[in-house]
Amino acid sequence: MNVFNQFREKIQAALEDLARRQGWPDGLPFDRVTVEPPRDLSHGDISTNAAMLLAKPVGTNPRAIAAPLAEALARLPEVESAEVAGPGFINLRLAASVWLAEVAAILSEGTAYGSSTTGEGRRVNVEYVSANPTGPLHAAHARGAVFGDALAALLKKAGFTVTREYYINDAGAQVETLARSTHLRYREALGEDIGAIPEGHYPGEYLKDVGQAIAESDGDRWVGKPESEWLEVFRARAVELMMTEVKRDLLAMGIQFDTFSSERALVEAGAVQRAFDTLDGRGLVYTGVLEPPKGKTPDDWEPRPQLLFKASEFGDDVDRPLKKSDGSWTYFANDIAYHLDKFLRGSPELIDVLGADHGGYVKRMKAAVTAISGGEGSLDVKLCQLVHLFDGGKPVRMSKRAGTFVTLRDVIDSVGSDSVRFIMLTRRNDQTLEFDYQKVQEQSRDNPVFYVQYAHARATSVIRHAGEALPGHDLSDAALAKVSLGSLTDPDELGLIRLLAGWPRLVESAADAHEPHRVAFYLGEVAAAFHSLWNKGKDEAHLRFILPDDTATTLARMALVRATATVIASGLGVMGVQPVEELRE
RNA sequence: GUCCUCGUAGCUCAGUUGGAUAGAGCGACGGUUUCCUAAACCGUAGGUCGCAGGUUCGAGUCCUGCCGGGGACGCCA
């Protein structure tokens, strides 16, 4: 149970009661009242801005609302004190039993603790990775992959019904280049000397395997034949084999998709035409001539009538072309069809996770989603900034042309999936991120993966020791959930408990904001509070977790220790990271 | 030229969708170990939240305009 939501209801009830008795006007914005922990813990456990928010619409001053409201709240059995402070905040101090009950709740719910129903089962489609099937995933893809996957997990925990989706761009010129490059490697596999890979082809060594595979299965039947005969075959085979590779690499990071959508399949099924007809039917398509882009006019620019979508009616800067001059659909047109497809498959809420270089694309796609769904659908685009790779502080140089780019597989193989996943979430998605091979493997405070894992391992270790110190006692979560927790009275113990009790609230707000990185920062806080408490036992022996002469207190503390480990495990679960039991080598 | 995005301590970054005296880590300085994992912890110093206006009870957060970094800009995907 989310303590803050629980009190939101109580506060709203008190407000409604007050409104009745004092004859306040109808339609007051009670739903905008915040119920949150104050920044400064000395202000109490829960703070609400109700009085300040309502003063104006009620037509009085904040204090005139705060005083009777505080009085009413103070009468609640769970509330120890209610004070009016500052410009009109009401600070509540809750009975310790409220917090202690959360410890028991964590132990009985396990890592499911923090799950919420705010999503109300609403369907969300999260599209991420969606790398072109023209080569293996490289390190830069890791960020979007981890971000999207964690966001999907977070939304699921917050009660949404989530579809994880990958869009295969298998329809454009790039996959034809892939097919031609593969054909070269195929000839090479059959013993031909192909020399240097010509300009306009993908030089990567990874295509040798694909060429080899086709040589083995098909023999020399595609040698010396015109391109028109083999292009389709090579395209399809190469894409298929590349996607197999991509899926395998993603699986190595624990990432699995519910749906893979093929751009080509959509086009062939006539989905683009249908999307176009939908827009056309709403009068949102016309033939017109675009102005050349200011400041950077292409050399070969010439004004040309084109089929345009009225994106500017939905917040975009200009209208956008749907057809190329050769009459084929633009990528944008295909993408509109794809988003309509996602919408029609039952997800009104769409999320695209893209690289930051797609920033210029956001407005038009949002406009398109609004237009094509008749305002029923919404799109949020999360742009992931670059990842800079370092090795012991030295930048790792990458060049696609020189073929020296680092693959996702390289990174996973050298530092492990868990480290990659955690580090990728230690920055907001729109900030550039530094990833240092050495640092993520360090066992120091400097390495957030280690720091959080250490807290979990330390908790496990303490429980193990307690088992030796208190033989014959049941230290299972089920047993600890029933233990009397009255001896948890130290301010730092209660502080840790309050932090743990904030997990459900964090899940809700992070899911709402589509910001999974908050989980990583939160776990850092939990770990810090736990390490701090552990060390406090060094200075003050009575605060040690295990007190051989005081079984009752030890059991209560074991409950807290297990609750801490459980919340950490719950958070790591959202991040897709495995909690470790032991760090000793 | 237009649009997007970022700008917070010496460095790297958070900041609870507008709340109270802006927080962490690193680095610096000073402490803590016969004891549950010192792979850690505690304390001190460090700020014109890029600049200037505006909105309101209240702005790091929202609006406008500048400055600076990054990105995008018709038939690439």
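Protein chains get the first letters and strands the later ones, always in sequence-line order, with residue 1 at the start of each.
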Starting from P on B:A77, measure out to OH on A:Y338 and report it in whole angstrom.
17 Å
When the distance from CG of A:L433 to C1' of B:C6 is rounded to whole Å, what number comes out?
15 Å
What does A:R427 touch in the nucleic acid at a heavy-atom separation under 4.0 angstrom: a base, only the sugar-phosphate, or nothing?
sugar-phosphate
Sequence neighbours excluded, which residues qualify as side chain to side chain donor-acceptor pair (under 3.5 Å) partners of A:T34?
A:N49
Reckon A:F521 touches a base, only the sugar-phosphate, or nothing at all at heavy-atom distances under 4.0 Å?
sugar-phosphate
If the C1' atom of B:U37 is compared with that of B:A22, how far apart are they to the nearest Å?
35 Å
Ring pair (Phe, Tyr, Trp, His ring centres under 6.0 Å) filter on A:F260, not counting sequence neighbours, yields A:Y166, A:F257
Could you check whether the side chain of A:R518 and the base of B:U16 have a donor-acceptor pair of N or O atoms closer than 3.5 Å, going by distance alone?
no
Length of the CG-P vector between A:D446 and B:C26, whole Å:
7 Å
Selection residues 503-516 of chain A - residue pairs positive for salt bridge (Lys or Arg N to Asp or Glu O under 4.0 Å), sequence neighbours left out:
A:E36-A:R505, A:E515-A:R518
Could you encode protein contacts along nucleotides 66-72 of chain B as a string, one character per nucleotide from 5' to 3', using B for base contact, S for sugar-phosphate-only contact and - for no contact, with a heavy-atom cut-off of under 4.0 Å?
-----SS
Base, sugar-phosphate, or nothing for A:S509, non-hydrogen atoms under 4.0 angstrom?
nothing
Counting any heavy atom closer than 4.0 Å, what does A:N61 reach on the DNA or RNA strands: base, sugar-phosphate only, or nothing?
nothing
Rounded interatomic separation in angstrom, taking CG from A:D31 and P from B:U17
14 Å
Go through residues 39-58 of chain A and report each residue with a non-hydrogen atom lying under 4.0 Å from RNA chain B, sorted by number.
A:R39, A:H43, A:S47, A:N49, A:M52, A:K56
Would you please name every residue forming a salt bridge (Lys or Arg N to Asp or Glu O under 4.0 Å) with A:D436, sequence neighbours left out?
none
Does A:K324 count as lying over the ring of A:W329, i.e. NZ or CZ under 6.0 Å from the six-ring centre, within 45 degrees of the axis?
no
Between CG of A:L475 and P of B:C36 the distance, given in whole Å, is 18 Å
Nearest-nucleotide wise, let me know which of A:H514 and A:F450 is further upstream toward the 5' end of RNA chain B.
A:H514
State, yes or no, whether a side-chain contact exists between A:I463 and A:M558 at a heavy-atom distance under 4.5 Å.
yes
Quick one, which residues of residues 546-558 of chain A touch RNA chain B with a heavy atom under 4.0 Å?
A:I546
Ring stacking, A:F89 with base of B:G19, under 5.5 Å and under 30°?
no
List, one per line, each side-chain donor-acceptor pair under 3.5 Å for residues 381-389 of chain A, sequence neighbours excluded.
from, atom 1, to, atom 2, distance (Å)
A:K382, NZ, A:H514, O, 3.3

Find out whether the Lys NZ or Arg CZ of A:R557 is both under 6.0 angstrom from the six-membered ring centre of A:F545 and within 45° of the ring's axis.
no
Name every donor-acceptor pair, under 3.5 Å, that has one atom in a side chain of residues 535-543 of chain A and the other anywhere in the protein, sequence neighbours excluded.
from, atom 1, to, atom 2, distance (Å)
A:N535, ND2, A:H531, O, 2.9
A:K536, NZ, A:D490, OD2, 3.1
A:K536, NZ, A:D492, OD2, 3.0

Under a 4.0 Å N-O cut-off, is there an ion pair linking A:R93 with A:E83?
no
Rounded to the nearest Å, what distance is computed from the CD atom of residue A:E442 to the P atom of nucleotide B:U12?
18 Å
Can you give me the dot-bracket string for RNA chain B, 5' to 3', counting Watson-Crick and G-U wobble pairs with both distances under 3.5 Å, using [ ] for crossing pairs and | for partners on another strand?
(((((((..((((.....[...)))).(((((.......))))).....(((((..]....))))))))))))....
When the nearest nucleotide of RNA chain B is assigned to A:P38 and to A:F332 on a heavy-atom basis, which residue is associated with the more 5' position?
A:P38
What is the nucleic acid contact for A:S532, judged by heavy atoms within less than 4.0 Å: base, sugar-phosphate only, or nothing?
sugar-phosphate
Hey, does the side-chain of A:R304 have a donor or acceptor N/O within less than 3.5 Å of a partner on the base of B:C75?
yes
Residues within residues 315-324 of chain A bordering RNA chain B, heavy-atom distance below 4.0 Å
A:D317, A:P321, A:K324
Applied to residues 52-65 of chain A, the side-chain hydrogen bond (donor to acceptor under 3.5 Å, both in side chains) test, sequence neighbours excluded, yields none
